[in-house]
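We're numbering straight along the sequence, starting at 1. Just so it is clear, the structure is predicted and the values come from calculations on it, not from any experiment. Reckoned from all heavy atoms, side chains included, excluding hydrogens, waters and symmetry mates.
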Amino acid sequence: MTDFEFDSDAVRRTVAARRVVNVIIIDLLVRVDFIPVKDAPFQRAEFSRRRRVDLGDFLAWIISPEELVLSKLAWAR
């Protein structure tokens, strides 16, 4: 099992502020972004089109790569 680190209090504060949370998977040097759904028309539509994927040990909901790019561009703006 790959180890990862995060500060649970910081994650709670960040999610409450509806900001992006990053988790680093140390062994793989991979960053995973968790983006809370905002109450805006595009984000609601984007979330309605999410799909459930089997990642082996668990199931996750993800959006399309195209919508992820648009979300990150909107977030950076």
Side-chain angles (χ1 to χ4, degrees):
M1 179 70 176
T2 302
D3 290 331
F4 57 92
E5 289 186 10
F6 66 94
D7 177 341
S8 59
D9 290 331
V11 169
R12 282 189 197 92
R13 287 190 305 273
T14 304
V15 169
R18 295 200 179 257
R19 297 183 60 208
V20 175
V21 175
N22 310 114
V23 174
I24 308 294
I25 302 172
I26 299 166
D27 294 346
L28 300 176
L29 294 176
V30 171
R31 184 182 85 187
V32 178
D33 295 332
F34 295 92
I35 304 172
V37 176
K38 294 183 179 177
D39 191 23
F42 175 75
Q43 282 77 20
R44 285 193 305 268
E46 174 185 71
F47 191 70
S48 73
R49 292 186 296 270
R50 74 196 186 278
R51 59 190 172 96
R52 196 170 186 180
V53 296
D54 184 348
L55 298 174
D57 293 338
F58 64 96
L59 297 171
W61 291 97
I62 63 169
I63 60 173
S64 73
E66 297 83 1
E67 288 179 313
L68 177 60
V69 168
L70 291 173
S71 286
K72 287 192 171 214
L73 288 172
W75 174 80
R77 186 171 37 128

Think R50 forms a cation-pi with F47, using NZ or CZ under 6.0 Å from the six-ring centre and within 45 degrees of its axis?
yes
Distance in Å, D33 CG paired with N22 CG, rounded so as to fall on 0.5 Å steps:
4.5 Å
Could you grab the distance from atom CD1 of I62 to atom CZ of R51, nearest 0.5 Å is fine?
4.0 Å
Are [X] and [Y] linked, directly or through other ILVMFWY residues, by side chains that come within less than 4.5 angstrom of each other?
X   : Y   : value
F42 : I63 : no
V32 : V15 : yes
V30 : V11 : yes

Would you indicate whether the side-chain heavy atoms of L70 and E66 approach each other to under 4.5 Å?
no
Which heavy-atom pair separates E46 from E67 by the least distance, and what is that distance?
OE2-O, 3.0 Å
Taking CZ in R19 as the centre, count heavy atoms belonging to other residues, nucleotides or ligands within less than 6.0 Å. Is the count above 12?
no
